[in-house]
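Comments concern the structure below.
Chain letters run A, B, ... following the sequence lines, proteins first and then strands; every chain starts at 1.
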Amino acid sequence: MSIYDSLNEPQKEAVFHTDGPLLILAGAGSGKTRVLTHRIAYLIEEKGINPWNILAITFTNKAAGEMRERVDQLVGFGSESIWVSTFHSMCVRILRRYIDRLGYDTAFTIYDTDDQKTLMKEVCKLADIDTKVYKERVILSAISSAKNELVSPEEFELNAGGDYGRQKILKAYREYEKQMRSNNALDFDDLLVKTVQLFQTQPDVLEYYQERFRYIMIDEYQDTNTVQFKLVSLLAQKYKNLCVVGDDDQSIYKFRGANIKNILNFEQEFPDTKVVKLEQNYRSTGNILNAANAVIRNNCGRKEKTLWTENEEGAKIALRQFDTAYDEADFIAEDIEKNIREGGSYNDNAILYRTNAQSRLFEERFVAANIPYKIVGGINFYARREIKDLLAYLKTIDNGQDDLAVRRIINVPKRGIGLTTINRVQESALERGIGFYEALKGLDLIPNITRGAAKLDSFVALIEYFKGRARTESISDLLQEIIEKTGYMESLEAEAKREDEAHDRAENIDELLNKIAAYEENCEDMGEKATLSGFLEEVALVADIDSLDEEQEYVVLMTLHSAKGLEFPNVYMAGMEDGLFPSYMTISSGDLEEMEEERRLCYVGITRAEEKLTVSCARMRMVHGETQYNRMSRFLKEIPVNLLDTGEVFVKKAEETEKEKTVFAASNPYFHAKKSFKAQPFSVMKGAEQFAASKAKGLDYTVGDRVRHLKFGEGIVENIAEGGRDYEVTVEFDTAGRKKMFASFAKLVKAE
DNA sequence: CTAGGATCATCAATT
DNA sequence: ATGATCCTAG
């Protein structure tokens with residue numbers, strides 16, 4: 001009896017195929033983690049591979065930890081020398097060792113999204129870019145896509161051509177790179193890009209890692225992007241022992257640059273690839289699986305496969321529609337309480353939603369009902385103000401080159417150092433080509449600093465003092481001292497606007513101290529030295545999901561994206577409404593591929609459920625402070641009715657919806673209400689469906705056109721929605737504001 | 001020059 | 001509803 005007997009045939013095939021490229025197409029819940037861990041065990045035990053030569057890449061740190069644990073259980077030894085990590089952590093480890101070859105200091109700092117935005121603001125000022133026209137976010141995402149596609153500023157220039165907007169972005173890209181370099185900082189994308197650059201320019205480094213990683217495994221391969229693919233192919237080039245596991249139906253990170261072609265074209269990229277399909281699902285009941293299959297079937301660009309299961313049919317999928325989002329939250333809270341009364345435990349339940357904002361309603365209900373819960377995602381712990389402030393102190397002490405960090409804390413807590421003074425220092429630093437902190441140390445060289453000088457001096461003295469302490473104290477003690485010496489807690493009290501705010505923030509700081517202590521302890525266990533930079537690096541790469549603990553008794557709330565790779569006995573998918581999921585952006589863009597990505601997300605959600613799935617929607621909800629009226633999500637209509645339990649009240653309505661859609665729509669009081677599509681002249685023009693619809697009816701105007709109304713004057717058509725026997729037209733009038741009207745009554749005329 | 005208050009825009013998903 | 005920018009008083 002060996003550990004491999006419990007595997008099914010295709011699983012065994014995958015485990016025993018150890019040499020050469022291997023593509024495992026693993027449907028949801030088909031036991032891919034089992035395959036990966038058994039494969040590692042097989043490599044070590046049966047093939048005598050040194051664990052040291054194995055690299056496994058997972059999507060989250062949490063998954064990495066679990067994989068190590070499970071290998072440990074199988075093999076009993078050696079798992080600690082397997083390199084299991086995420087792409088980003090792997091790159092950091094490599095870069096800490098070799099990035100000096102690319103002209104960076106190995107003590108580089110990692111910028112998160114907030115830092116990037118702050119820096120971009122700066123960049124736009126320097127490059128004379130109007131952030132009203134080119135938003136920082138937009139520029140940053142353009143740069144990020146460029147990096148993800150391995151497009152350098154030089155190549156970007158070649159592609160930009162004469163396009164004015166592209167030229168602006170190019171300018172920002174150049175300046176951004178320059179600033180990043182002088183701050184000795186890398187953003188998330190850089191971690192990957194620089195590693196690829198390192199491998200491409202330093203053959204000896206590449207050779208070293210190729211030798212080291214003779215067997216490579218990659219999980220969630222469908223969500224890798226172009227850089228990651230490049231990285232992997234460089235590493236695997238020599239031995240070609242590359243095993244990737246993925247499911248094209250679960251690719252949900254296209255917006256982040258994930259390239260589905262990486263999986264669809266794997267066989268072309270790596271000739272002689274063995275392909276194994278895992279189609280037996282062990283996770284979900286028959287009904288849940290059938291619903292998932294029915295939904296995903298509506299997508300075109302996918303590898304054909306159908307999941308099947310030997311599990312029993314199980315309960316039907318509960319579909320509930322409510323008048324308001326409050327009712328929805330009430331129902332779910334009550335339903336969970338009911339489950340608990342019947343002997344269930346909190347951590348069997350998960351609530352999944354499309355946007356983080358939806359968590360608030362549930363949070364309120366749960367607090368009121370005394371239900372323990374944990375919200376994953378939202379504002380990252382390390383993105384909170386108080387945490388970022390304190391980390392900025394640590395960064396300043398650790399790496400004086402990080403201007404952003406220094407500027408963040410120079411007046412926090414308030415020291416009477418204002419913007420003007422900071423700008424003077426900045427200018428002087430720029431002129432002399434040195435860092436901000438360096439400039440601070442040579443104050444006397446800066447003109448026009450008179451009143452501020454004393455304050456700046458004492459700030460520098462404070463930091464220098466801390467630097468001295470950092471050499472002898474532990475990180476925890478250092479942070480404690482920073483908090484005391486700066487009077488940070490007192491300033492929190494003074495700044496707090498809300499009752500409890502200071503208290504909440506203080507709790508977060510305690511949590512930070514705990515995390516530092518845990519890090520120091522962990523280092524001790526591993527026999528490594530706990531360093532400030534080590535801690536800062538760990539901090540930069542943790543995702544909220546990493547803190548999820550299955551043993552803890554709480555209901556988990558998170559976005560559908562975060563739920564990837566997890567499973568729960570009882571799952572609620574909330575807010576299943578057109579406009580929320582799929583989102584307005586997707587609907588109004590008319591982009592088929594985007595819609596398919598949303599559908600995949602829905603598929604991911606459904607397949608998280610083991611025993612019971614509840615899908616729910618509300619007719620009315622507040623979004624961004626205004627009331628929206630939404631219809632049931634189109635994805636729900638793709639689930640066959642015989643798999644659904646619609647509840648007594650709802651049954652009638654569901655039938656009506658099916659048979660007499662128009663009548664139902666017209667009699668629905670909410671139908672006439674406002675559906676606010678925001679004005680999006682460019683994307684709306686692409687709205688092919690809407691365009692076709694309005695044309696078909698013979699309206700002589702369409703979205704984006706200027707029209708004239710008898711009473712309201714001229715305006716722009718923002719939206720044309722089909723409903724009942726008429727079209728509902730939304731017009732933004734120049735003088736009368738936004739109005740919604742029926743086309744047959746409004747008598748709108750196209751104006752030119 | 002700095003701090004505090006008022007006004008204004010923005011608002012998917014994540015390492 | 002929340003965070004950034006503008007404006008004014010000290």
Next item on the list: Give the rounded distance in Å between these two atoms: CD of A:Q250 and P of B:dA13.
Entry: 20 Å
Next item on the list: Describe the nucleic acid contact of A:L191 in one word from base, sugar-phosphate, nothing, applying a heavy-atom distance below 4.0 Å.
Entry: nothing
Note to self: Once you apply a heavy-atom cut-off of 4.0 Å, does A:L192 come out as touching a base, just sugar-phosphate, or nothing?
What the structure shows: nothing
Next item on the list: Measure from the side-chain heavy atoms of A:R256 and tell me the nearest of C:dA1, B:dT14, B:dA3.
Entry: B:dT14
Check: Is the ring centre of A:Y253 less than 6.0 Å from the ring centre of A:F59?
Finding: yes
Check: What is the distance from CE of A:M595 to P of B:dA13, rounded to the nearest Å?
Finding: 18 Å
Next item on the list: Take A:N356 and A:K135, find for each the nucleotide of DNA chain B with the closest heavy atom, and name the residue whose nucleotide sits nearer the 5' end.
Entry: A:K135
Note to self: Measure CD/A:Q116 against C1'/B:dT15 and give the value in whole Å, please.
What the structure shows: 10 Å
Notebook entry, point to check: Touch check for A:F87, heavy atoms < 4.0 angstrom, all strands: base, sugar-phosphate only, or nothing?
Noted result: nothing
Check: Of the nucleotides C:dT5, B:dA12, B:dT14, which one has an atom closest to the side chain of A:T559?
Finding: B:dT14
Checklist line | Integer-rounded Å distance: B:dA12 C1' and A:Y584 OH | finding: 14 Å
Checklist line | A:R354 side-chain proximity, nearest of C:dA4, B:dT15, B:dA13 | finding: B:dA13
Checklist line | Euclidean distance, atom CD of residue A:E598 to atom P of B:dA13 [Å, nearest integer] | finding: 11 Å
Margin query: Please determine whether a side-chain nitrogen or oxygen atom of A:S562 lies at a distance below 4.0 Å from atom OP1 or OP2 of B:dA13.
Written below: no
Checklist line | Touch class at under 4.0 angstrom, heavy-atom based, for A:R137 against every strand present | finding: sugar-phosphate
Check: Would one find a side-chain N or O of A:N411 under 4.0 angstrom from OP1 or OP2 of B:dA3?
Finding: yes
Next item on the list: Just say parallel, tilted or perpendicular for the rings of A:W83 and A:Y209, cut-offs at 30° and 60°.
Entry: tilted
Notebook entry, point to check: Which whole-number value in Å describes the distance from A:D114 CG to C:dG3 C1'?
Noted result: 11 Å
Notebook entry, point to check: Do we count A:F255 as stacking onto B:dA12 if the rule is ring centres under 5.5 Å and planes under 30°?
Noted result: no
Checklist line | Whole-Å distance separating the CE atom of A:M558 from the P atom of B:dT15 | finding: 12 Å
Next item on the list: Apply ring-ring contact (aromatic ring centres under 6.0 Å, His included) to the pair A:F199 and A:Y98, showing each step before the final yes or no.
Entry: CA-CA 10 Å; A:F199 285 163; A:Y98 291 109; 8.8 Å; no
